[in-house]
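What follows is a single structure, written as C-alpha cells, with notes after it.
To find a chain, count down the sequence lines: A is the first, B the second, and so on, and within it residues start at 1.
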Amino acid sequence: NAGVTQTPKFRVLKTGQSMTLLCAQDMNHEYMYWYRQDPGMGLRLIHYSVGEGTTAKGEVPDGYNVSRLKKQNFLLGLESAAPSQTSVYFCASSRGTYNEQFFGPGTRLTVL
Amino acid sequence: GENVEQHPSTLSVQEGDSAVIKCTYSDSASNYFPWYKQELGKGPQLIIDIRSNVGEKKDQRIAVTLNKTAKHFSLHITETQPEDSAVYFCCPGPGSYGKLTFGQGTILTVHP
C-alpha cells in the first residue's frame with residue numbers, strides 16, 4: 001500500500017497563476033482533509049470531505065477550492081495564487097472521527 | 001472553536017533523559033486526545049492517543065496522561081533516543097467529522 005500520496009512535491013507559481021494539488025489514498029478511507037503548515041505553526045485545516053461528492057470548509061478556506069469526484073482522490077485548487085498562500089500543504093485521510101489520520105509527504109508551494 | 005496551547009515550544013534533552021510536553025485546551029466537550037510526531041520533511045504521524053474515559057495510556061517508552069478537570073494532557077517520553085528528535089503536536093478534539101485542531105508544536109532535540 002502506498003498510503004497517501006501527493007503531487008507535485010514542489011511548485012513555484014507567480015502571483016495570479018492557478019494550480020491544482022492532487023491527493024490520492026489507497027486505504028478506502030471516507031474522510032479526507034487538506035491542511036496548510038506555515039513556519040512555527042501547527043497545521044491548519046483548509047477543506048475537508050466526508051465522502052465522495054461532498055466537501056466542506058475548514059478553518060482557512062479563503063482562496064482555495066476542492067473537489068472529491070472519486071473516493072480515493074481529493075483535489076485542492078488555487079484559482080489565483082497569492083504570496084500569502086506560500087506554505088507546505090498536507091493531505092490526510094482517515095476511516096472515521098476517532099481514527100488515526102494518515103498524512104501525505106506534503107507539497108511545498110512558493111508564490112512569487 | 002478549540003483553543004490549544006502547547007508548552008514548551010522547544011525542548012532539549014540528553015539521550016536517556018525523559019521529556020514531557022504539556023497541552024492545554026479550552027473545549028470541555030473534547031474527548032479525544034492524540035499526539036502526532038512530525039519528522040523533518042515528512043507529514044505528521046500518530047504516536048499515541050487517549051480517550052476521555054481513560055486517565056493514562058502507555059506504549060513502550062511513550063505515555064499520555066489526561067487531566068480532564070484541568071483541561072490538559074501531557075506526552076511523556078522516557079529513555080529518549082536521538083531518533084525521538086522531531087516536532088510533536090497535540091490535537092485535542094475531535095471536531096465534527098474528525099477535524100483536528102493542532103497545537104503550535106514542540107521541537108524536541110535529543111543530544112547523543
Checklist line | Separation between CG of L100(B) and CD of Q101(A), rounded to the nearest 0.5 Å | finding: 4.0 Å
Check: Under 6.0 Å from the CD atom of Q45(B), do we count more than 12 heavy atoms belonging to anything else shown?
Finding: no
Notebook entry, point to check: Counting heavy atoms not belonging to E79(A), are there more than 12 under 6.0 Å from its CD?
Noted result: no
Item checked: Heavy-atom contact with chain A under 4.5 Å, split by part of I107(B) -> neither
Margin query: Starting from I47(B), can I reach F73(B) by hopping between I/L/V/M/F/W/Y residues whose side chains sit under 4.5 Å apart?
Written below: yes
Notebook entry, point to check: chain A heavy atoms under 4.5 Å from Y97(B): which part of the residue, side chain, backbone, both or neither?
Noted result: both
Next item on the list: Evaluate whether atom CD of Q60(B) has more than 12 neighbouring non-hydrogen atoms of other residues, nucleotides or ligands under 6.0 angstrom away.
Entry: no
Check: If you group Ile, Leu, Val, Met, Phe, Trp and Tyr by side-chain heavy-atom gaps below 4.5 Å, do V87(B) and F33(B) land in one group?
Finding: no
Notebook entry, point to check: If you draw a 6.0 Å radius around CZ in R44(A), do more than 12 non-hydrogen atoms from other residues or ligands fall strictly inside?
Noted result: yes
Item checked: Residue part contacting chain B, namely of L43(A), when any heavy atom lies under 4.5 Å -> both
Notebook entry, point to check: Tell me, side chain or backbone of P44(B) under 4.5 Å from chain A's heavy atoms, or both, or neither?
Noted result: both
Note to self: Distance alone, cut at 3.5 Å: any donor-acceptor contact between the side chains of Q37(A) and Q38(B)?
What the structure shows: yes
Margin query: I need the minimum non-hydrogen distance between T97(A) and G95(B), along with the two atoms involved.
Written below: CG2-O, 4.3 Å
Note to self: Counting heavy-atom pairs closer than 4.5 Å to chain B, which one of F90(A), Y48(A), F102(A) comes out on top?
What the structure shows: Y48(A)
Next item on the list: Go through the side-chain N and O atoms of N31(B) and Y98(A) and say whether any donor and acceptor fall under 3.5 Å apart.
Entry: yes
Notebook entry, point to check: To the nearest 0.5 Å, what is the distance between CG (D49(B)) and CD (E100(A))?
Noted result: 8.0 Å
Margin query: Tell me whether the count of non-hydrogen atoms from other residues, nucleotides or ligands lying under 6.0 Å of NZ in K71(A) goes above 12.
Written below: yes
